[in-house]
Amino acid sequence: EVVLNAAVDACGKGGAPDEAVKLLRGMERAYGIKPSNISYNSAISALSRAGRAREARGLLKEMASSGLKPDRVSFSAAMQGFAAAGDRKNAKSLSKEMEDSGVGMDVVSYGTAVSACGRAGDVKGALRLIEEMESAGINANVVVYNSALDACGKAGNPEAAAKILRRMTEAGVIPNVTSYTGAIAACSRCVNGSKAIEWLEIMSREGITPETICYNYAMTACGRAGDARQAAWLLRRMEEEGATPNRITYSAAMFALGKAGRLHDVLDLLTEMERKGVQAD
RNA sequence: CUGACACGCCCCC
């Protein structure tokens, strides 16, 4: 039984949702083992991960009609399929069903709902959910705030990001790299390279070492702002600071340089990536 | 043994 559940989970994580569902269906027939909540949850999660949200929700329904009681994990796993697509409506309707069926929302299910807003760039919706969870006595954690920051990133709203960073700090939640990445992404979206660089400095000062992704967003910001010098400077700077440029870094740098007409520099970078063994595409 | 967070170009916004 544990073995079969682990197998269902492994199929899901390995990107084989159909196998996961097949195993779930075969459990009773081939092994005489009734699928448990964990079996269903693993299969639901497999479908959500594959972007098949409606089928995931279908399994959730089926679970209820087959005499099992969907739990918090079942609902969050199904919600995740919609959340990943930024489908707030369906995510919300599942959270409603969750409460209606007597399964309370917890920090993870709220986190999933906030991430639906995050992907959709819906800062207001994200903040509303945070208020709601706090008034329900559930404290938002760093993941929840990060999802709200992701909304600021997608919406290109660095002011809102600054506000959320302040707010989480006041609530005793320490921002991490992902948190600052949201703020930098917001600058990138709104074409503000120098503000992005400011955030890089702020986070370093706070003792959080910027990772490659942070520089990538900052370079994209510079590129969009038409500031190829800053982008090129960031590329050198990140290496000095110990961050490793990846394929996305180079494409952001090349985008910035190309836009400024510095084609020789673009070609130089291509050579440099090859020399460093970064795969071009 | 099961659930939530971040990256380019193009497209969308």
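This is a predicted model, so every value here is computed, not measured. In what follows, chains are A, B, ... by sequence order, proteins preceding strands, each numbered from 1.
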- Taking atom C1' in both B:rC7 and B:rG3, compute the distance separating them and give it to the nearest angstrom. 24 Å
- Query: Heavy atoms under 4.0 Å, any strand shown: does A:Asn176 hit a base, just sugar-phosphate, or nothing?
  - Reply: nothing
- Checking all strands, does A:Arg247 fall into the base, sugar-phosphate, or nothing category for heavy-atom contacts under 4.0 angstrom? nothing
- Item | By salt bridge (charged side-chain N to carboxylate O under 4.0 Å, His left out) - contacts of A:Asp18 (at least two apart) | A:Arg52
- Pairs meeting criterion side-chain hydrogen bond (donor to acceptor under 3.5 Å, both in side chains) with involvement of residues 77-88 of chain A, two or more places apart: A:Asp87-A:Asn90, A:Arg88-A:Asp122
- Scan A:Ser42 against the nucleic acid and name what it touches under 4.0 Å (heavy atoms): base, sugar-phosphate only, or nothing. sugar-phosphate
- By nearest nucleotide on RNA chain B, pick out whichever of A:Thr220 and A:Arg189 is the more 5' one. A:Thr220
- Query: Between A:Ser109 and A:Asp106, does any side-chain donor sit less than 3.5 Å from a side-chain acceptor?
  - Reply: yes
- Task: Extract, from 5' to 3' on RNA chain B, the first and final nucleotides lying under 4.0 angstrom from some heavy atom of chain A.
- Result: B:rC1 to B:rC13
- Item | A:Glu170 vs A:Arg166, salt bridge (charged side-chain N to carboxylate O under 4.0 Å, His left out): CA-CA, chis, key distance, verdict | CA-CA 6 Å; A:Glu170 281 165 8; A:Arg166 197 171 334 114; 5.4 Å; no
- Message: What's A:Asn216 touching, base or sugar-phosphate or nothing? Going by heavy atoms closer than 4.0 Å.
- Response: base
- Note on the structure: Here the salt bridge (Lys or Arg N to Asp or Glu O under 4.0 Å) pairs for residues 201-222 of chain A, sequence neighbours left out, are none
- Among all residues two or more places apart in sequence or in another chain, which pass the side-chain contact (heavy atoms from CB on, under 4.5 Å) test with A:Ser39? A:Glu1, A:Asn5, A:Leu24, A:Met27, A:Pro35, A:Ser36
- Task: Look at all strands and tell whether A:Val3 reaches a base, only sugar-phosphate, or nothing, counting heavy atoms closer than 4.0 Å.
- Result: nothing
- Item | B:rG8 versus B:rC12 - spacing of their P atoms, nearest Å | 16 Å
- Message: For a quick check of understanding: with a heavy-atom distance under 4.0 Å over all strands, which category does A:Lys13 fall into, base, sugar-phosphate or nothing?
- Response: sugar-phosphate
- Item | B:rC13 versus B:rC9 - spacing of their P atoms, nearest Å | 15 Å
- Identify whether any heavy atom of A:Asp71 sits under 4.0 Å from a base atom; if not, whether one sits that close to sugar-phosphate; answer base, sugar-phosphate or nothing. nothing
Please tabulate, for side-chain N and O atoms in residues 176-183 of chain A, each donor-acceptor pair with protein atoms closer than 3.5 Å (sequence neighbours left out).
residue  : atom : partner  : partner atom : Å
A:Asn176 : OD1  : A:Asn146 : ND2          : 3.2
A:Asn176 : OD1  : A:Thr178 : N            : 3.1
A:Asn176 : OD1  : A:Ser179 : N            : 3.1
A:Asn176 : OD1  : A:Ser179 : OG           : 3.0
A:Ser179 : OG   : A:Asn146 : OD1          : 2.6
A:Ser179 : OG   : A:Asn176 : N            : 2.9
A:Ser179 : OG   : A:Asn176 : O            : 3.4
A:Thr181 : OG1  : A:Val177 : O            : 2.6

